[in-house]
Amino acid sequence: MGMTMTQKILADHAGLKSVKAGEFIEANLDLVLGNDITTPVAITEFNKMSFDKVFDKKKIAIVPDHFTPSKDIKSAQQCKCVREFAYDKKIENYFEIGEMGIEHALIPEKGLVVPGDVVIGADSHTCTYGALGAFSTGIGSTDMAAGMATGKCWFKVPGALKFVLSGKLNKWVSGKDVILHIIGMIGVDGALYKSMEFVGEGLKNLSIDDRFTIANMAIEAGGKNGIFMVDDITLDYVKEHSTKEYKIYAPDEDAQYDEVYEIDLSSIRPTVSFPHLPDNTRTIDEVGDVKIDQVVIGSCTNGRISDLRKAAKILKGKKVNKKVRTIIFPATQKIYLQALREGLIEDFIEAGAVVSTPTCGPCLGGHMGILAEGERAVATTNRNFVGRMGHPKSEVYLASPQVAAASALTGKITNPEEIE
């Protein structure tokens, strides 16, 4: 029986000729990742196990990004714990204020993940790096501790769903609409503990940023990971950002998939996820009259330079609705600087938006844009659970940067086609 992309990567890293779904294995790791929330717990467990050093100073990355710059004393203490550990263990890939970013945008930008890697991260959206043809998945802090110490992690080999993409996205449609469409189609448990594997001739029409967004939200469908076939678009990105050796894995022709979905990209409309689950989706034509109080454009899902360009194209020369707080979060310092040089930051500020340093901020109800009781936000983030962005009686609507920007102008969820 043939293997999927994920299964081939895991077999190689476990030193096995083949693996099959449901099998338990131990695999070697290429990168272990943590942030300011999850790493302190991992450090406690690391110390309990009496380890005195990490397995490889180059293969661990720690990025304080969730509550940074520190919003209060507790978050400052968390960062202090992480900082002291990173310096004591001489961890090379420690990125704090000044060079930091939102971890899932920063790690690829720094060239730390390449095709064929196995990556674990104590954050559920570690699945983002599947856009580069790597197996990457979120784990708990205890597994992070063991990974930092041993360079290994156990896995139950996942089954897989195959998404065969064709066609080309229409003008106002992006990768965010694709993944919201898929989650709406299969549900938040539709890919439970499965690999979501993306193939097909339509890949050539998806930018690397579209792929990062789609892979990022595989977890919102319950997926163990999302992974894309490696092609020239992937390799162009990798060669620009990394000097690491990579290996390309393609699925076998007789690989076993639990389901195969055919998706014509040209058929997808701008899509919005209504409260309080990502699979509660409607196309922009079905939204109705939904007034909003806040717009958030950014996060590990949609804070890349292409996302900011899409938003700026709509906001440039206009003014956001006075009743809508509009907050822009570039995902890394490099992206922030590029946006500054391109004049995007000026466009945002002149439109009446505010621009923040890279941080996760309000996405997890952290800071820099928490919602009060009864308020509604359109956000380019990845989750809209009850209380996710603040008060339990607030509401978050997930959408693309284009829909978010258009909505900021009108004060209600708006089709970007109406703004052009």
Side-chain angles (χ1 to χ4, degrees), residues 102 104-105 108 125 127-128 130-132 163 165-185 196 198 200 202-218 220-221 226 228 233-234 237 263-273 278 281-287 295-316 328-331 335 338-339 342 344 348 363 378-384 396-409 413-420:
I102 302 173
H104 304 309
H125 292 103
C127 49
T128 303
L132 299 176
F163 296 86
L165 308 181
S166 62
K168 183 178 181 180
L169 297 175
N170 292 310
K171 181 177 180 180
W172 296 108
V173 180
S174 68
K176 183 60 163 285
D177 301 296
V178 175
I179 190 60
L180 289 179
H181 171 80
I182 289 172
I183 295 169
M185 180 175 65
M196 297 175 69
F198 296 90
L203 289 184
K204 69 177 182 291
N205 298 316
L206 289 179
S207 70
I208 197 69
D209 287 353
D210 284 326
R211 300 177 196 198
F212 279 131
T213 297
I214 293 168
N216 175 273
M217 290 188 66
E220 267 67 62
F228 280 75
I233 293 173
T234 321
Y237 183 91
I263 297 178
D264 180 358
L265 298 175
S266 67
S267 69
I268 296 176
R269 294 282 292 152
T271 302
V272 178
S273 175
T281 57
R282 303 181 193 179
T283 66
I284 198 68
D285 317 282
E286 303 167 328
V287 164
V295 162
V296 174
I297 298 173
S299 85
C300 63
T301 314
N302 282 117
R304 296 176 177 83
I305 191 65
S306 63
D307 300 309
L308 302 188
R309 288 171 181 154
K310 291 169 184 173
K313 185 175 181 181
I314 291 173
L315 295 176
K316 183 179 176 67
I328 314 290
F329 293 89
I335 292 168
Q338 188 171 351
E342 292 183 14
L344 307 184
F348 294 140
C363 176
V378 172
T380 67
T381 55
N382 42 45
R383 286 182 178 157
N384 57 353
V396 177
Y397 296 77
L398 304 178
S400 69
Q402 299 98 311
V403 170
S407 303
L409 293 174
I413 299 178
T414 298
N415 188 339
E417 294 174 3
E418 298 176 12
I419 303 300
E420 189 178 17

Q: If only atom types and distance count, is the side chain of Thr213 paired as donor or acceptor with the main-chain N or O of Thr301 below 3.5 Å?
A: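 Here the side-chain-to-backbone pair exists.
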Q: Does some side-chain heavy atom of Leu308 sit less than 4.5 Å from a side-chain heavy atom of Glu342?
A: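 Contact flag for Glu342/Leu308 side chains = no.
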Q: Using only atom types and a distance under 3.5 Å, with no angle test, would you say the side chain of Thr271 pairs donor to acceptor with the backbone of Arg269?
A: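 Yes, Thr271 side chain to Arg269 backbone: donor-acceptor pair under 3.5 Å.
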Q: When rounded to the nearest 0.5 angstrom, what distance separates CD1 in Ile182 from CE in Met196?
A: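 Result: 5.5 Å between the selected atoms.
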Q: If you take all heavy atoms of Arg304 and Ala105, which pair is closest and at what distance?
A: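 Looking at all heavy atoms of both residues, the shortest contact is NH2-CA, 3.9 Å.
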Q: For the residue pair Ile208 and Ala131, what are the closest heavy atoms and their distance?
A: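 It is CD1-O, 4.0 Å.
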Q: What distance separates Ile314 CD1 from Leu409 CG, expressed to the nearest 0.5 Å?
A: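 Rounded to the nearest 0.5 Å, the CD1-CG separation comes out at 7.5 Å.
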Q: To the nearest 0.5 Å, tell me how far Met217 CE sits from Ser273 OG.
A: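 The CE atom of Met217 sits 7.0 Å away from the OG atom of Ser273.
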Q: If you compare all heavy atoms of Pro108 against all heavy atoms of Leu132, which two are closest, and at what distance to 0.1 Å?
A: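 Closest pair (atom of Pro108, atom of Leu132, distance): CB-CD1, 4.2 Å.
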Q: Counting C-beta onward and ignoring hydrogens, is there a side-chain heavy-atom pair between Gln402 and Ser174 closer than 4.5 Å?
A: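 In contact.
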Q: Where does the angle between the aromatic ring planes of Phe228 and Phe198 fall among parallel (under 30°), tilted (30 to 60°) and perpendicular (over 60°)?
A: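 Parallel: the ring planes of Phe228 and Phe198 meet at under 30°.
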Q: Would you call Leu180 and Val272 a side-chain contact if the rule is heavy atoms closer than 4.5 Å?
A: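 A side-chain contact is absent here, since even the closest heavy-atom pair is not under 4.5 Å.
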Q: I'd like to know if the side chain of Asn205 and the backbone of Gly167 have a donor-acceptor N/O pair within less than 3.5 Å.
A: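 Answer holds: yes.
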Q: Would a 4.5 Å heavy-atom cut-off, applied to side chains only, mark Cys363 and Asn382 as touching?
A: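 Yes, side chains in contact.
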Q: Which heavy atom in Ile233 sits nearest to a heavy atom in Leu203, and how many Å separate them?
A: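 Scanning both residues completely, I find the closest heavy atoms to be CD1-O, 4.0 Å.
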Q: Nearest heavy-atom pair of Leu344 and Ala312: which atoms, and what distance?
A: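 Where Leu344 meets Ala312 most closely, the heavy atoms are CD2-CB, 3.7 Å.
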Q: Taking the side chain as every heavy atom from C-beta outward, state whether Val178 and Leu265 have any pair of such atoms under 4.5 Å apart.
A: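 Result yes, sub-4.5 Å side-chain heavy-atom pair found.
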Q: If I take atom CD1 from residue Ile102 and atom CD1 from residue Ile335, how far apart are they, to the nearest 0.5 angstrom?
A: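 The distance works out to 8.0 Å.
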Q: Under a 3.5 Å cutoff, is there a donor and acceptor pairing between the side chains of Ser266 and Asp264?
A: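 There is such a pair between these side chains.
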Q: For Ser207 and Asp210, does a side-chain donor sit closer than 3.5 Å to a side-chain acceptor?
A: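 Note: Ser207 and Asp210 side chains meet the donor-acceptor criterion.
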Q: Looking only at heavy atoms, what is the nearest atom pair of Gly226 and Ala218, with distance?
A: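 Nearest heavy atoms, Gly226 then Ala218: N-CB, 3.7 Å.
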Q: What verdict does the side-chain contact (heavy atoms from CB on, under 4.5 Å) test give for Val396 and Arg383, after you've listed the backbone C-alpha separation in whole Å, the side-chain angles of each residue and the deciding distance to 0.1 Å?
A: CA-CA 8 Å; Val396 177; Arg383 286 182 178 157; over 6 Å; no
Q: Does Tyr397 have any ring-ring contact (aromatic ring centres under 6.0 Å, His included) partners at least two apart in sequence or in another chain, and if so, which?
A: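 By the ring-ring contact (aromatic ring centres under 6.0 Å, His included) rule, Tyr397 matches Phe274.
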Q: Give a yes or no on this: more than 12 heavy atoms of other residues, nucleotides or ligands lie within 6.0 Å of atom NZ of Lys168.
A: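 At most 12 heavy atoms, drawn from other residues, nucleotides or ligands, come within 6.0 Å of this atom.
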Q: With under 30° as parallel and over 60° as perpendicular, where do the rings of Phe212 and Tyr237 fit, or are they tilted in between?
A: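 Aromatic pair Phe212/Tyr237 classed perpendicular.
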Q: Backbone N or O of Thr414 within a donor-acceptor pair of the Ser407 side chain at under 3.5 Å?
A: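 Such a contact is found between Ser407 side chain and Thr414 backbone.
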Q: Short question: side chain of Lys176, backbone of Thr381 - any donor-acceptor pair under 3.5 Å?
A: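 Side chain of Lys176 to backbone of Thr381, a donor-acceptor pair under 3.5 Å: yes, one is there.
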Q: Evaluate side-chain contact (heavy atoms from CB on, under 4.5 Å) for Arg211 paired with Thr234, printing each intermediate quantity in order.
A: CA-CA 9 Å; Arg211 300 177 196 198; Thr234 321; 3.3 Å; yes
Q: Answer with yes or no whether the side chains of Asn302 and Thr380 bring together a donor and an acceptor at under 3.5 Å.
A: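 Side-chain D/A pair, Thr380 to Asn302: absent.
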Q: Rounded at 0.5 Å granularity, tell me how far CD1 in Ile179 sits from CD1 in Ile268.
A: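 If I round to the nearest 0.5 Å, the distance is 9.5 Å.
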Q: Can you tell me how far the CD1 atom of Ile413 sits from the CD1 atom of Ile284, to the nearest 0.5 Å?
A: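 Going from the CD1 atom of Ile413 to the CD1 atom of Ile284 covers 7.0 Å.
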Q: Is there a side-chain contact between Ile419 and Trp172 in this structure, where contact means two heavy atoms from C-beta onward sitting under 4.5 Å apart?
A: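 Side chain of Ile419 against side chain of Trp172, heavy atoms only: no contact under 4.5 Å found.
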